[in-house]
Each structure stands twice: as structure tokens, then as C-alpha cells.
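A short write-up of the structure that comes next.
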2 protein chains.
Amino acid sequence: MPTPARTSIQAIVAAGRAILDADGLDGLTMSRVAAAVGVRPPSLYKRVRDRSDLVRLIANDVASELTLTLDSAATSADPRANLRAIAGAFRAWALTHPEAFHLLFDRVPEHERIDPDLNARSAAALLRTTAELAGEADALEAARTVVAWANGFLGMELAGAFRLGGNVDRAFEYGVERLTRAIER
Amino acid sequence: MPTPARTSIQAIVAAGRAILDADGLDGLTMSRVAAAVGVRPPSLYKRVRDRSDLVRLIANDVASELTLTLDSAATSADPRANLRAIAGAFRAWALTHPEAFHLLFDRVPEHERIDPDLNARSAAALLRTTAELAGEADALEAARTVVAWANGFLGMELAGAFRLGGNVDRAFEYGVERLTRAIER
DNA sequence: ACCTGAACACCGTTCAAGT
DNA sequence: ACCTGAACACCGTTCAAGT
């Protein structure tokens with residue numbers, strides 16, 4: 001005798017994302033997710049293979065959100081302004097969603113990684129901009145340099161690693177400006 | 001009636017470091033550390049407050065090792081060559097000690113953070129070099145830009161984030177060269 | 001003074017039994 | 001077809017009892 005479904009994969013991922021944002025990856029237990037969607041923990045295994053699978057689905061969601069954020073920021077005709085806008089939007093997003101940032105950019109076990117095409121899509125806006133600045137031949141290398149710097153900077157800022165004084169906002173501006181000049185043809 | 005000590009804090013930290021390198025932070029269980037030093041798990045709590053405390057002590061060790069590595073690399077009179085050497089030594093160290101790298105540079109809970117003076121000491125060689133390249137006034141900002149880039153690059157390399165093709169070695173060289181020029185006065 | 005077994009509160013996950 | 005309680009193998013940690 002069939003029982004009607006009491007939850008859905010969408011509800012589970014949404015609840016997981018909310019718990020991630022609120023309490024981080026360590027707070028994301030199967031028990032809390034189950035409680036949030038109104039079932040018992042074992043029922044979750046009808047929709048996700050295991051916790052890693054759920055983490056991966058949440059990471060996909062987060063990647064899509066970030067792609068949207070970066071694309072919306074990259075609206076200028078001037079590539080220098082665009083790079084500045086993309087970097088600023090990235091930082092604002094990371095500072096308001098620190099746990100989501102870490103989920104995307106800290107070490108991620110193989111089976112929690114986002115889909116490759118989501119990865120490519122999130123890089124598109126930046127690649128267009130670096131192609132204009134550095135030329136097509138150096139676009140990928142230039143984009144990697146910028147992303148590495150931004151990831152590293154935000155990771156350190158979120159980790160509280162800037163403990164030698166100074167103004168962090170100014171250090172970010174300094175970095176954007178120098179990086180832009182560094183990759184320009 | 002006193003019982004002779006069967007282990008020591010040094011042995012515990014050393015065993016913990018070995019387990020970290022071999023199996024990562026998730027593999028670093030109190031049970032495995034205890035087995036490695038020949039006691040039962042509860043005995044560890046005579047030497048460390050809890051697991052976080054042990055992780056912090058291991059991180060201190062790792063930071064000292066990295067400082068030594070970077071200092072040994074920074075031997076040139078030419079600051080450009082020095083920056084290149086420091087970056088290269090950092091990358092080589094990170095690629096041979098990926099788990100230690102993550103322990104230092106991924107998100108770290110407050111009570112697992114290394115001692116502030118170890119932090120300052122590990123930055124010294126780089127700060128000397130960026131002061132020569134960018135001038136005293138911009139030395140800190142320049143160092144932050146370089147460290148952010150290097151941390152971000154290595155974090156992405158270790159995470160397998162460079163999935164859009166291209167040569168990773170070449171991207172690192174490209175980055176070092178561009179960064180050097182970017183921060184030069 | 002140090003070490004230990006037993007116990008506790010938590011995990012993720014499986015599975016037989018219920019509807 | 002989905003949901004559940006019970007169970008299992010793990011965690012970190014505490015503590016009374018042993019030497």
C-alpha cells in the first residue's frame with residue numbers, strides 16, 4: 001500500500017542549504033536536515049545516496065547562485081571596470097555567505113564536487129573579461145591568476161588570517177588594481 | 001602510588017602530525033593517536049585539553065616547519081629572485097604536505113589557530129622581500145596580495161579546481177612573474 | 001600521578017517491519 | 001512506495017576505579 005511522499009529532494013536540498021548557511025558544514029547533520037523537512041533521518045536515504053551526495057547537491061546550488069551573482073555584476077563595457085565589479089561582487093557574496101564560500105573553495109572530497117559544467121559556467125564572465133584585458137592567448141592564465149588571488153584573499157579574510165594590522169578593504173582594492181594592471185596586455 | 005608516564009605531549013603531537021600527513025584531518029582521531037603512542041584514548045586527555053587543542057599544537061608545528069622552509073629559500077640578494085624562490089618553495093612544500101597546507105590555510109576554528117607570533121614569523125621573509133620590491137609603505141599590502149594569490153592558487157591546485165585544461169606549472173610561473181611586476185614600485 | 005574500562009551523547013547508515 | 005524504530009559501528013569525552 002503506497003504511502004504519499006512527505007518531502008522532496010528540493011525541500012531536502014533547500015533545508016540543507018539553510019542549515020549550512022546558519023551553522024556550517026559541521027552543523028549539517030542528517031538528523032537536522034530530516035527534522036527540518038519533517039521526516040526521520042533514515043527517510044532521507046530514499047532521496048540521496050548519502051551525506052556526501054547531499055553536500056554535492058547543495059554545492060551545485062551554491063555554484064549556480066554564485067554564477068548568477070558574478071554574471072549580474074559583469075555589465076560594464078570597460079573590462080577594467082568589469083574586473084573590479086566581478087571581484088567586488090565575489091567578495092560581497094563571500095562575506096555574506098561564508099559557509100557557502102568554504103563549501104565551494106576549501107578542499108572538497110572527490111564525490112562532493114560540483115558538476116563540471118557548473119564550474120565552467122561560473123568562470124565564463126571572468127574569462128570574457130580577462131580575454132579583453134590580457135588577450136585570448138593569455139585569457140585562461142590571467143583568469144586563474146585573478147581567481148587564485150581572490151579565493152586566497154577571501155579565504156584568508158574569512159579565516160581571520162589578516163592579523164598583522166592594516167586595512168583589509170584597502171588591501172583588497174590594492175590587490176584588484178595591481179592584478180588588473182598585471183594581466184593587461 | 002604514582003604510575004610512570006607512558007607517553008609525552010611531544011610523542012602525541014608527533015604521532016598526530018604523522019597521521020595528519022597520512023590520512024588528513026578526518027583521519028586524525030583520538031583513538032588512532034592513542035594507538036600510535038601506546039595508550040588508550042582517555043589517557044590523551046591528561047596531556048591535551050581536547051582534540052581541538054591537539055590540532056592546534058600540530059598546526060603550530062606545521063607553521064614552524066613552513067617558516068623554516070620559506071626562510072631557507074629566501075637567500076638571494078635580488079628581491080625578484082627571492083620572491084620567485086619563496087613562491088616556489090611554498091608550492092613544493094604544499095604539494096608534498098597537502099594536509100598540512102589545508103590545516104594552516106583552510107577555515108580554522110578559533111581555538112585551533114596557531115600562536116600569533118608563529119604567524120608573524122612565517123611572514124617575515126616575504127615581508128622583507130616585498131619591502132624591497134614595493135617600498136616600505138606598501139610592503140604589507142604587497143605581501144598580502146602575493147600570499148593571497150599563492151594560497152588561492154595552491155588551494156585550487158590541491159582541490160583539483162583547475163579543470164579547464166592548460167598547464168598548471170605554467171600558470172604558476174605566469175602568476176609569479178605577473179605578481180612580481182604588479183607590486184614593483 | 002597516570003592509566004583504564006565502562007558509560008554517555010552523539011554521528012551516519014542499514015534494514016526489517018509497518019502502512 | 002515511502003516511512004519508521006531499532007540496531008550497528010563509529011566518534012569525542014567523562015569519570016570512577018585501579019595501580
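All figures in this text were calculated on a predicted structure; none of them were measured in a lab. When reading the values below, keep in mind they use all heavy atoms of this one structure, side chains included, and skip hydrogens, waters and symmetry mates. The chains referred to below are lettered A, B, ... by the order of the sequence lines, with proteins before strands, and numbering in each begins at 1.
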Go through [options] for me and flag the one nearest to the [X] side chain.
X     : options               : value
A:P42 : C:dC3, C:dT14, C:dT4  : C:dT14
A:A5  : C:dT13, D:dT13, D:dC2 : D:dC2
A:R47 : D:dC3, C:dC3, C:dG12  : D:dC3

Measure [atom1]/[X] against [atom2]/[N] and give the value in whole Å, please.
X     : N      : atom1 : atom2 : value
A:L25 : C:dG12 : CG    : P     : 11 Å
A:I12 : C:dG12 : CD1   : P     : 14 Å
A:L44 : C:dT14 : CG    : P     : 12 Å
A:K46 : C:dA16 : NZ    : P     : 12 Å
A:L54 : C:dG12 : CG    : P     : 10 Å
A:R51 : C:dT14 : CZ    : P     : 15 Å
A:M30 : D:dC3  : CE    : P     : 13 Å
A:D26 : D:dC11 : CG    : P     : 16 Å

Complementary nucleotide of D:dA1, counting Watson-Crick and G-U pairs under 3.5 Å: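 Pairing partner, where one exists within any strand: C:dT19.
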Answer for the Watson-Crick or wobble partner of C:dT14, both distances under 3.5 Å, is D:dA6
Would one find a side-chain N or O of A:R6 under 4.0 angstrom from OP1 or OP2 of D:dT4? yes
Quick one: is D:dG5 close enough that its OP1 or OP2 comes under 4.0 Å of any side-chain N or O from A:R40?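 It does, given that an N or O in the side chain of A:R40 lies less than 4.0 Å from OP1 or OP2 of D:dG5.
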Do the numbers put B:R144 on top of the ring of A:Y174, so that NZ or CZ is under 6.0 Å from the six-membered ring centre and no more than 45° off the axis?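 No, a cation-pi geometry is absent between B:R144 and A:Y174.
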Check B:E177 with B:R84, please: is the shortest side-chain N to carboxylate O separation under 4.0 Å? no
Base, sugar-phosphate or nothing for [X]? Non-hydrogen atoms, less than 4.0 Å.
X     : answer
B:S43 : base
A:T7  : sugar-phosphate
A:R49 : nothing

Check: A:V176 main-chain N/O paired with A:R181 side-chain donor or acceptor under 3.5 Å: no
Expected output: side-chain A:D138 to main-chain A:E141 donor-acceptor under 3.5 Å: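 Checking the backbone N and O of A:E141 against the side chain of A:D138, no donor-acceptor pair under 3.5 Å is found.
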Assert yes or no for the condition that the ring centre distance of A:F101 to A:F153 is strictly below 6.0 Å.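 Centroid separation for A:F101 and A:F153: 6.0 Å or greater.
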